[in-house]
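Working notes, beginning with the structure itself.
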There are 2 protein chains.
Amino acid sequence: MESTLHTRQKLDETDLAIIGRVEEDFDVSLETLADELDLSKSAVHYRLNKLKDSGVIKGVSADVDPLAFGLEMVAITDVSVTHESGYSENIGEELNELAGVERVYYTMGDVDFVVVSRVQTRDQLNDLIDQIVALEGVNETSSKFVMQEFDADSSLVSNLTDEARQAVLDASKR
Amino acid sequence: MESTLHTRQKLDETDLAIIGRVEEDFDVSLETLADELDLSKSAVHYRLNKLKDSGVIKGVSADVDPLAFGLEMVAITDVSVTHESGYSENIGEELNELAGVERVYYTMGDVDFVVVSRVQTRDQLNDLIDQIVALEGVNETSSKFVMQEFDADSSLVSNLTDEARQAVLDASKR
DNA sequence: AATGAAATCGACCAGCA
DNA sequence: TGCTGGTCGATTTCATT
């Protein structure tokens with residue numbers, strides 16, 4: 001069976017190694033990377049640039065500790081919407097733009113949206129849920145508190161199954 | 001009412017401006033930042049270092065496009081566990097370490113874990129769910145497909161409510 | 001696609017308010 | 001403690017292979 005993986009950019013093991021590294025820590029020096037990969041600094045830099053230009057690396061960002069802002073409370077809110085109108089396309093955007101909302105998923109199933117939000121206090125969470133309910137087209141919400149988060153491994157490459165990793169490499173062999 | 005916000009690091013408006021900027025794009029030059037904030041390059045650099053040392057900025061990482069790896073499928077899986085044993089502490093870690101699992105939340109409520117996973121194919125998702133079910137202590141799972149994601153705004157500072165933002169600044173005035 | 005040299009930018013330091 | 005200006009080292013760029 002033919003893989004449906006249509007790679008915009010051919011990637012080899014070296015690319016995956018570079019990506020995996022800078023995904024965890026972009027503050028690694030070119031020299032360290034070059035040493036680890038047995039490449040010249042220029043070669044590493046060349047590949048990094050290509051990965052950025054081709055969009056494989058969408059950008060570089062600082063990771064901020066939510067606790068430094070007192071954002072100690074995380075909630076997951078299931079939102080169901082009325083399906084009669086064509087609202088659902090906009091509602092996702094509206095949810096995403098509410099202050100405190102970190103991530104919005106539009107899902108198949110009885111629940112339409114899953115909203116992950118991060119706030120400082122219960123009051124802020126209540127306000128947020130009120131705002132969600134007030135959105136036009138929102139039918140019902142149900143929230144649960146998050147007691148603990150596990151997201152230590154934010155790296156996509158280290159998170160690939162062997163099969164998935166192979167599919168990426170195979171797609172580049174053409 | 002006294003805020004429970006115990007800030008490790010005092011933050012002023014300039015800090016928030018810097019953080020907000022590098023959270024979106026760390027590839028901005030010191031000079032650009034300095035110009036935008038009417039500061040010297042050294043001052044910006046000094047503050048950035050302090051923010052890193054104090055842990056407000058946990059690190060810098062490259063953001064990789066999942067689609068470049070063919071990871072076009074996202075699922076949210078609710079996992080309930082048997083509560084008799086003390087397994088639940090470990091199960092979170094075990095879930096998080098499964099290949100394809102992006103994020104794990106341990107929640108209060110009838111569902112115990114919410115697992116967000118990203119894979120290439122339905123087969124990979126089936127495998128993953130099989131692995132989840134096979135974990136000792138896992139009772140029941142229920143998955144839904146994600147049709148669309150909204151996470152354009154990955155910046156914590158731009159995501160703060162006015163109230164939350166004020167709480168951060170106020171906590172530093174002491 | 002990768003290299004080495006030249007130009008540019010960021011990291012660090014001593015000193016100052 | 002926060003910032004300055006200058007130096008050194010690292011990164012980016014580019015002509016070349």
Pairs in or reaching into residues 33-44 of chain A: which pass side chain to side chain donor-acceptor pair (under 3.5 Å), with residues at least two apart or in two chains?
A:Arg21-A:Glu36
Sequence neighbours excluded - salt bridge (charged side-chain N to carboxylate O under 4.0 Å, His left out) pairs with any residue from residues 58-70 of chain A
none
Nt span of DNA chain D in reach of chain A heavy atoms at under 4.0 Å, 5' end first, is D:dT11 to D:dT13
Between C:dA2 and A:Arg47, is there an OP1 or OP2 to side-chain N/O distance shorter than 4.0 Å?
yes
Joining Ile, Leu, Val, Met, Phe, Trp and Tyr whenever any side-chain heavy atoms lie under 4.5 Å apart, the cluster holding A:Tyr46 also takes in none
Per-pair distances, 0.1 Å, donor-acceptor, side chain in residues 105-115 of chain B, under 3.5 Å, sequence neighbours excluded:
unit_1   : atom_1 : unit_2   : atom_2 : d
B:Thr107 : OG1    : B:Val111 : O      : 2.9
B:Thr107 : OG1    : B:Asp112 : O      : 3.4
B:Asp112 : OD1    : B:His83  : NE2    : 3.1
B:Asp112 : OD2    : B:Val81  : N      : 2.8
B:Asp112 : OD2    : B:His83  : NE2    : 3.4

So what is the end-to-end bend of the helix from C:dA1-D:dT17 to C:dA17-D:dT1, with 5 pairs used at each end and the value given to 10 degrees?
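That helix has its two terminal axes inclined by roughly 40°.
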Holding to salt bridge (Lys or Arg N to Asp or Glu O under 4.0 Å), I want the full list of residues that pass it with [X], two or more places apart in sequence or in another chain.
{"X": "B:Asp127", "value": "none"}
{"X": "B:Asp25", "value": "none"}
{"X": "B:Glu102", "value": "B:Arg118"}

Mind listing the side-chain donor-acceptor pairs of residues 157-167 of chain A below 3.5 Å, one per line with the distance, residues two or more places apart or on another chain?
unit_1   : atom_1 : unit_2   : atom_2 : d
A:Ser158 : OG     : A:Asp153 : OD1    : 3.1
A:Ser158 : OG     : A:Asp153 : OD2    : 3.1
A:Ser158 : OG     : A:Ser155 : O      : 3.4
A:Ser158 : OG     : A:Ser155 : OG     : 3.3
A:Asn159 : ND2    : B:Val101 : O      : 2.6
A:Thr161 : OG1    : A:Ala164 : N      : 2.9
A:Gln166 : NE2    : A:Asp170 : OD1    : 3.3

Identify every side-chain donor-acceptor pair in residues 131-146 of chain A under 3.5 Å, counting partners at least two apart or on other chains, and give the distances.
unit_1   : atom_1 : unit_2  : atom_2 : d
A:Glu136 : OE2    : A:Tyr87 : OH     : 3.3
A:Ser143 : OG     : A:Thr77 : OG1    : 3.0

Please determine whether a side-chain nitrogen of the Lys or Arg among A:Asp15 and A:Lys10 lies less than 4.0 Å from a carboxylate oxygen of the Asp or Glu.
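So A:Asp15 does not pair with A:Lys10 through a salt bridge.
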Short heteroatom pairs, N/O only, protein and nucleotides 9-12 of chain C, under 3.5 Å:
unit_1 : atom_1 : unit_2  : atom_2 : d
C:dG10 : OP1    : B:Leu30 : N      : 3.0
C:dA11 : OP2    : B:His45 : NE2    : 3.0
C:dA11 : O5'    : B:His45 : NE2    : 3.3

